Amino acid sequence: MVRVRYAPSPTGMPHVGNIRTALFNWVFARHHGGQFIVRIEDTDRNRYVEGSEAAILNSLRWLGLDWDEGPEVGGPHAPYYQSQRLEIYQRIAHQLVEEGKAYKCFCSQEELEQMRAQQRAEGAAVTMYDRRCRRLTPAEVKAREESGIPYVIRFKMPLEGTVEYEDLIHGRTVFQNKLTDDFVMLKSDGYPTYHLANVVDDHLMEVTHVLRGDEWISSMPRHLNLYMALGWEPPKFAHLPLLLGPDKQKLSKRHGDVEFTEFIRKGYLPEAMFNFLAICGWNPGDDREILTREEIIQLFSLERVSDNPFVFHHDKLLWMNGYYIRHLPKEELIERCIPFLQEAGLIPKELDAATRAYVEKVVPLEQEKMKLLSDAPKLLDFFFTDDYPIDEAAVRRWFGEPHIPQMLEELIRRYEALEPFTAPEIERVTREVIAWLGVKGGEVIHPTRVALSGRTTGPSLFEMIEALGKPRVLQRLRRAQSWIIR
RNA sequence: GACCCCAUGGUCUAGUGGUCUAGGACGCCUGGUUUUCAGCCAGGAGGACGGGGGUUCGAAUCCCCCUGGGGUCACCA
C-alpha cells in the first residue's frame, strides 16, 4: 500500500511550488490506489502565520486534492498536527540520548554566534558546530542540567563513512557523513526540528514514499542517519525539480505572483491549475499537454518526472487557463463569472431573474477572449453600467468623419422602429444604413461600437447591440451625438 | 568556499546509440477567416543538442574533464 504525505508548515501563505508538491503526492497516491496524508508541521512557534493553515487546506480543496488522513478528517495516526505530538518527539530524542546516539547541548545562541564568528575569522567559508558539548563528561552534563541551563538535543553524526540512497528521480546519491554537523533535533523550547519530527512521523504514519522538493536533497545524510540510529527502514525518496523564477532563482515572493491564493483570486480555473501544475516537471511521454485529471492520474509515473529545474513562466499558464475557459460549457462559464462580476460591483449580490438572464446573455459574448475569470468585469463593464472608460483617441478618430451625424440619426431612427430587436434584424437595418450612406461597412460599424461601448474592440457588434437592448442603445447613440467634432 | 543537483531554440518538454537534416507546446512573426479584438486555420523565424576529450562503424543519447546555472550549509521548514 502506497502512503504519501503532504506536510506543509503554516508559516505563510501557500506557494505554487508547495502546492505543486502536494499535487504530485496526491496524484501519485491516486495512481497507485494509495493514501494521501496531510500533516501540519507546526513546529516553529516564531514563524507561525495566522490563517495560513486554512489557506493551505482551502487551496487543496479548491484543486480537488482530498486527503485520506489529516486535519478535519483524522485517521489512525492522529493527531496530524506536530504541535500535538511533542511528547513523541521528546521521548524519542531522549531515548537517543540514553543510547548515546544524541546528546544535550547547552550552548547559548550567543556562544554559538561567537563560535561562528571565530571560525569565520579563521577563514572558514562555512561554519559548523564544533561539537563541544558532545565531549562533555556525564558530570559536566549533570552540573549544567542542575543549574537549569536550557539545552537542545543534537544528533551525533558519524564522524566518518558515507550514506547513500537511491532517489526515485535522481538515482543513487552518496554523501560523506563528516560534512554534516551535529544537527539540532529538539529545540530548547521542547519542539522538534523538521529533521526529527519528519522522520519520526513518516515512520509512525507508515509513509512509503516521500515526494518533496529538491532543496531537501542536502538533508538526506541527516535523515538517513536518523533512520539508522532509530533502527527504522527509511521510505523511498523522490526529490522533485525545483520551481524557478524567470531569473532562474528558486521561485519566491519576489518573483511576483507565487502565492497560490492569488491564482484563485485572479480567476484561474482549478482544472487549468491542476493540469498546469501536473506538467511542471512531469510529462505523459507523448506530445499531449492538455490532460484531464483522470488522464493525469492514470499516466502519472515518477520515471517521467524530469530532474531539471522548471522555470515557471506565467505565459503558458495564462494560455492554458484561456484554453480551459474557451472549452467551458456556457452555463459553467456564467456561473464562474458571476462572483467576479459581483466583486466588481457590476451586478448585485442577490441576482433577480432579469439580471441573471442578462448576465447569461452577455457573458458568453466574450468567452473566447477571456484568459482569466477576472477579465470578465473589464471586458463586460459597459453592459452593466454607464460609468465605463471612453477611448478618447477612438472618439477623435471617428467623430470628425462627415458621415457620422447622419449615421447616428439614421441608426437611431431605424433602431427605434426595429422589432424584433435581434442581431439578424439589427444587422439588416445597419447594412441598409451603410448602403444608404454609401460608405464601407467598417465606417459605420467601428464608430457605432465606440458610441455603444466606448472602445474599439469587443464582441460581435450586432450581438452586442441585441444584448444591450434597445433603450440603452438609443440612449448611448444619442449621447454620442454630442461627441461629434465639427 | 564545501557538498549535492542540473545542463536539447527565450521558456517547458520529447528523444534512452543509427528511424534526428532533433519532434511538440507556450511566446514571437506572417498570411487567411471576420465588423474590431480575441479565437480558429495555415505558414515562418529561432537549437548544429553548454565546451573539450574519449568509447563506438555510428552519440543529443555512454564515460571523463571543464564551464555555466541552481540548491543546501539555522534552536526555519
Side-chain angles (χ1 to χ4, degrees), chain A residues 7-12 18 41-44 46-47 105 107-109 112 116 123-129 150-154 167 169-170 173-176 178-181 183-195 197-198 212-221 239 241-242 244 246-250 276 279-290 304 306-320 322-323 326 366-371 379 394 427 430-431 434 440-446 448-450 453 455-462 464:
Chain A
S9 167
T11 51
N18 202 268
E41 308 220 326
D42 51 350
T43 56
D44 187 339
N46 302 319
R47 294 200 312 153
C105 167
C107 296
S108 65
Q109 296 286 5
L112 290 173
R116 291 189 190 106
V126 69
T127 62
M128 204 166 164
Y129 179 58
Y151 63 86
V152 301
I153 292 181
R154 286 183 186 270
D167 194 288
I169 291 168
H170 296 285
T173 309
V174 185
F175 303 88
Q176 290 175 266
K178 67 175 180 202
L179 266 16
T180 299
D181 63 3
F183 62 93
V184 174
M185 297 184 338
L186 199 69
K187 308 178 210 176
S188 55
D189 63 2
Y191 277 65
T193 60
Y194 172 86
H195 307 298
N198 202 264
R212 58 185 2 173
D214 266 354
E215 73 266 30
W216 290 108
I217 293 178
S218 46
S219 293
M220 283 306 291
H239 289 95
L242 248 25
L244 269 29
D247 60 355
K248 310 274 180 109
Q249 308 278 311
K250 192 171 151 186
F276 187 75
I279 61 170
C280 283
W282 171 82
N283 73 78
D286 54 36
D287 286 340
R288 283 179 294 174
E289 291 194 310
I290 298 288
R304 298 220 60 91
S306 163
D307 48 11
N308 40 351
F310 185 97
V311 178
F312 191 92
H313 275 275
H314 286 73
D315 308 19
K316 191 155 186 175
L317 205 209
L318 199 58
W319 162 78
M320 190 174 277
Y323 178 92
R326 270 176 261 130
E366 292 287 47
Q367 178 164 18
E368 57 198 18
K369 212 170 298 172
M370 281 184 218
K371 293 261 195 290
L379 254 15
E427 172 156 16
T430 306
R431 298 224 179 261
I434 291 167
K440 288 186 194 156
E443 291 178 273
V444 165
I445 287 167
H446 299 316
T448 302
R449 178 187 302 289
V450 174
S453 68
R455 62 196 73 171
T456 59
T457 67
S460 167
L461 184 70
F462 308 114
M464 177 178 122

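Because the structure is a prediction, the values reported are computed rather than measured. Letters A, B, ... mirror the listed sequences (proteins, then strands); counts begin at 1.
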**Prompt:** What does B:A14 pair with, Watson-Crick or G-U, if both distances are under 3.5 Å?
**Reply:** none
**Request:** Write down the distance between CZ (A:Phe310) and P (B:G71), rounded to a whole number of angstrom.
**Result:** 17 Å
**Request:** Calculate, to the nearest 0.5 Å, the distance between atoms OG1 and NZ belonging to A:Thr193 and A:Lys187 respectively.
**Result:** 7.0 Å
**Asked** Between A:His313 and B:G10, is there a side-chain N or O to OP1/OP2 distance below 4.0 Å?
**Response** no
**Item:** Distance below 4.0 Å between A:Arg326 side-chain N/O and B:C40 OP1 or OP2
**Value:** yes
**Message:** Please report the distance, rounded to the nearest Å, between CZ in A:Arg212 and C1' in B:U72.
**Reply:** 12 Å
**Under 3.5 Å donor-acceptor pair, A:Ser218 side-chain atoms to B:C73 base atoms** = no
**Request:** Assign the ring pair A:Trp319 / A:Tyr323 to parallel, tilted or perpendicular, where the plane angle (0 to 90°) is split at 30° and 60°.
**Result:** tilted
**Prompt:** Under 4.0 Å between a side-chain N/O of A:Thr43 and OP1 or OP2 of B:A77, yes or no?
**Reply:** yes
**Prompt:** What is the pairing partner of B:G47, taking Watson-Crick or G-U wobble pairs with both distances under 3.5 Å in any strand?
**Reply:** none
**Prompt:** Looking only at side-chain N and O atoms, does A:Gln249 come under 4.0 Å of OP1 or OP2 in B:G70?
**Reply:** yes
**Asked** Do A:Ser306 and B:U13 share a donor-acceptor pair, side chain to base, under 3.5 Å?
**Response** no
**Request:** Using atom CD1 of A:Ile169 as one end and atom P of B:G71 as the other, report the distance to the nearest whole Å.
**Result:** 18 Å
**Message:** Rounding to an integer number of Å, can you tell me how far A:Arg288 CZ sits from B:G15 P?
**Reply:** 14 Å
**Item:** Distance below 4.0 Å between A:Arg116 side-chain N/O and B:C73 OP1 or OP2
**Value:** no
**Item:** Donor/acceptor link under 3.5 angstrom from A:Arg455 side chain onto base of B:U36
**Value:** no
**Watson-Crick or G-U wobble mate for B:C3, both contacts under 3.5 Å** = B:G71
**Item:** Interatomic distance, A:Gln109 CD vs B:C75 P [rounded to whole Å]
**Value:** 7 Å
**Request:** Mind checking A:Phe462 for me? I need base, sugar-phosphate or nothing, with any heavy atom below 4.0 Å counting as a touch.
**Result:** base
**Message:** Closest approach to the side chain of A:Thr173, judged atom by atom: which nucleotide of B:C5, B:C76, B:U35 is it?
**Reply:** B:C5
**Prompt:** If only atom types and distance count, is the side chain of A:Arg455 paired as donor or acceptor with the main-chain N or O of A:Arg449 below 3.5 Å?
**Reply:** no
**Asked** Is there a side-chain polar atom (N or O) of A:Asn283 under 4.0 Å from OP1 or OP2 of B:U13?
**Response** no
**Complete:** Of B:G70, B:G15, B:C6, the nucleotide closest to the side chain of A:His170 is B:C6
**Item:** A:Asp181 side-chain N/O to A:Met128 backbone N/O, donor-acceptor pair under 3.5 Å
**Value:** no
**Prompt:** When every nucleotide of nucleotides 44-50 of chain B is labelled 5' to 3' by its protein contacts under 4.0 Å (heavy atoms), B for base, S for sugar-phosphate only, - for none, what sequence of letters results?
**Reply:** -------
**Asked** Are any of A:Lys316's side-chain N or O atoms less than 4.0 Å away from OP1 or OP2 of B:G24?
**Response** no
**Asked** Separation of A:Asp167 atom CG from B:G71 atom C1', in whole Å?
**Response** 14 Å
**Prompt:** Does OP1 or OP2 of B:U8 have a side-chain N or O of A:Asn308 closer than 4.0 Å?
**Reply:** yes
**Asked** Below 4.0 angstrom from OP1 or OP2 of B:C6, is there any side-chain N or O of A:Lys248?
**Response** no
**Item:** Base partner of B:U30, which must satisfy Watson-Crick or wobble distances under 3.5 Å
**Value:** B:A42
**Request:** Nearest whole angstrom, please: distance from the C1' of B:G71 to the CE of A:Met220.
**Result:** 15 Å
**Asked** Over how many whole Å does the gap from A:Asp315 atom CG to B:U13 atom C1' extend?
**Response** 16 Å
**Complete:** The salt bridge (Lys or Arg N to Asp or Glu O under 4.0 Å) partners of A:Glu443 (sequence neighbours excluded) come to none
**Asked** Counting just side-chain N and O atoms, does A:Lys178 come under 4.0 Å of either OP1 or OP2 of B:C3?
**Response** no
